[in-house]
Trainee: 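Before we start, here is the structure in question, set down as structure tokens.
Side-chain atoms are counted along with the backbone in the values below, which use heavy atoms only and exclude waters and symmetry mates. Proteins come first, then strands; the chains are lettered A, B, ... in the order of their sequence lines, and each starts at number 1.
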There are 2 protein chains.
Amino acid sequence: MATGRTHRPATRSRGIPEATVARLPLYLRALTALSERSVPTVSSEELATAAGVNSAKLRKDFSYLGSYGTRGVGYDVEYLVYQISRELGLTQDWPVVIVGIGNLGAALANYGGFASRGFRVAALIDADPAMAGKPVAGLPVRHTDELESIITDNDVSIGVIATPAGAAQQVCDRLVAAGVTSILNFAPTVLSVPEGVDVRKVDLSIELQILAFHEQRKAGEETTSAQEPAAAVQPRSGAAVRTPAAGRAAGKGPDGDVPAVMPA
Amino acid sequence: MATGRTHRPATRSRGIPEATVARLPLYLRALTALSERSVPTVSSEELATAAGVNSAKLRKDFSYLGSYGTRGVGYDVEYLVYQISRELGLTQDWPVVIVGIGNLGAALANYGGFASRGFRVAALIDADPAMAGKPVAGLPVRHTDELESIITDNDVSIGVIATPAGAAQQVCDRLVAAGVTSILNFAPTVLSVPEGVDVRKVDLSIELQILAFHEQRKAGEETTSAQEPAAAVQPRSGAAVRTPAAGRAAGKGPDGDVPAVMPA
DNA sequence: TAGATTGTTAATCGATTAACAATC
DNA sequence: TAGATTGTTAATCGATTAACAATC
């Protein structure tokens, strides 16, 4: 029972660091914009600024791909677009399925950024029989019953899960059993997948919580950190210390946003 | 002209590492699930499994918060829920605005995970006059003209941008000018913000591209990496090397998904 | 007490960055 | 050639992990 990992330990084969892989799409996007403006070459400094990183990092990243620049000149935009696309595997077509066609699933289906990068939405799948046949983003929604045949018939290896949290693991299991080996998970749950299956997760709530942390620090600085936790006080006791705030934060409300935890 | 950074250099004040901060919401979610099942205590091993990390990392993370566990026993679930909530700033209310009420914006507005964690959707804002007044997730959509007054009146410090890429920077500028200091950006653009403003970004396409990279490697391994880039060959030349694939990958299509790049 | 589990140490690993020699 | 800019080195920094003493 392998626990869902967000990314692989490290990319051993020919060894491009994971951090570098995660930035390649940023470079690609900036380069694509330059390409559309017919800019022929770009320096590491310019491209780094456009991508929001510093130039040393960019050059180091590119050094893992090969020597694609020209000293004294910079990088050929079109050539680099191709090299990065190839490295990312975007020069081939990736059929994907989206499971769970609620608000988010529909948003994903309509998202234009997929098609232009080699991702083709092979099917939209939902468990609600009332949804079946309804067109979303120009595609008829298919029922979950067809999941396995859709995967097989279209050689789908990438699945997107946009279901409620409660259904995510089950959907994941079916996707994996049918042959999917990469999963992008929008459900707020930790997915368990077998070895060899990659899971990446996007969690809207987590991102906001991280922002809230920093926001709180900012507010604290203004007032010279008056309500600092006071780490020295050590408010330990033993039994359950429950406060009104804890009750709220525990989210007893109708959330439906809780992973199916299974402690050993 | 500060380039948009995804996260701060490091959290100096009282020094909780950024990597730890990013995991606190995972722990909180797992703990909330345990709390709902009325589990009184949990060991680092159990909680780590539920959160999808290893126990050494979890204990190290918690050590930055203080000594909240009991040796030989584990952690009190309710107490830890409260401590982490407080550390993340979730024991207070954070009014947020969502700008751009398309598919994605509507999905975010309907997302249940916000309210239960101290985030309150203060307003939904869209530039389309036809949307104004329409109810989405129980709230009437407000027009962009009202953006500044909404921010001020509701003391909003966190903004969510779900507009098309082309509008994102402008919306960002207005949010910041009106007093927002944390931004969650769903538009596929690098945002420029002044010092002191935090930007986190969620990019659906980037996540898929990272998956494609690993997926390609998997496929390559099966066939003993027959189509490996051949780093030794160095296919350098100088002028624009354009291939059919590069043209496609450059995304000349009707994408609308390109950041407004501004090279120095 | 004996068993269990935390909190911390220290070693290791990976990522970032500045600086500069190589070279177009 | 002189100027510009890459590709790489080496130092630094931050994150992860295993191991275990402290202690409930």
Trainee: What does nucleotides 6-11 of chain D look like as a protein-contact string, B for base, S for sugar-phosphate only, - for none, at under 4.0 angstrom between heavy atoms?
Mentor: BBBBB-
Trainee: Does the side chain of A:Ile183 come within less than 4.5 Å of A:Arg200's, by heavy atoms?
Mentor: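 Not touching, per the 4.5 Å side-chain cut-off.
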Trainee: Could you tell me whether B:Phe62 and B:Tyr68 have their ring centroids closer than 6.0 angstrom?
Mentor: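 No, they do not, as the ring centres are separated by 6.0 Å or more.
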Trainee: Provide, to the nearest angstrom, the distance between the CG atom belonging to A:Asp61 and the C1' atom belonging to C:dA15.
Mentor: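 To the nearest whole Å, that distance equals 10 Å.
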Trainee: Do the side chains of B:Ile158 and B:Leu184 get nearer than 4.5 Å, heavy atoms only?
Mentor: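 No, every pair of side-chain atoms sits at 4.5 Å or beyond.
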Trainee: Can you see which heavy atom on A:Glu87 is nearest to which on A:Leu24, and at what distance?
Mentor: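 Between these two residues, the closest heavy atoms are CG-CD1, 4.2 Å.
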Trainee: Measure from CG on B:Leu58 to C1' on D:dT17 and round the result to the nearest Å.
Mentor: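 Those two atoms, CG and C1', are 13 Å apart.
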Trainee: Cut-off 3.5 Å, side chains only: do B:Glu36 and B:Thr32 have a donor facing an acceptor?
Mentor: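 No, no side-chain donor-acceptor pair sits under 3.5 Å.
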Trainee: Under the salt bridge (charged side-chain N to carboxylate O under 4.0 Å, His left out) rule, collect the residues that match up with B:Arg23, sequence neighbours excluded.
Mentor: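 Here the qualifying residues are B:Asp61.
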Trainee: Provide, to the nearest angstrom, the distance between the CG atom belonging to A:Asp76 and the P atom belonging to C:dC24.
Mentor: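 Going from A:Asp76 (CG) to C:dC24 (P), I get 16 Å.
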Trainee: Dot-bracket, DNA chain C: Watson-Crick or G-U, under 3.5 angstrom, [ ] crossing, | other strand?
Mentor: ..||||||||||||||||||||||
Trainee: Taking CD from A:Glu18 and P from D:dA15, how many angstroms apart are they, rounded to a whole number?
Mentor: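 Nearest whole value for this atom pair: 17 Å.
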Trainee: Can you tell me the distance, in whole Å, between the NZ atom of A:Lys57 and the P atom of D:dT12?
Mentor: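 Going from NZ in A:Lys57 over to P in D:dT12 covers 19 Å.
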Trainee: Nearest whole Å is fine: how far is C:dA15 P from A:Ile16 CD1?
Mentor: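 Nearest whole value for this atom pair: 12 Å.
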Trainee: Are the aromatic rings of A:Phe114 and A:Tyr111 close, with centres under 6.0 Å apart?
Mentor: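 Yes, close enough.
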Trainee: For the backbone of A:Ile16 and the side chain of A:Thr20, can you confirm whether one donor and one acceptor N or O come within less than 3.5 Å of each other?
Mentor: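 A pair under 3.5 Å: no.
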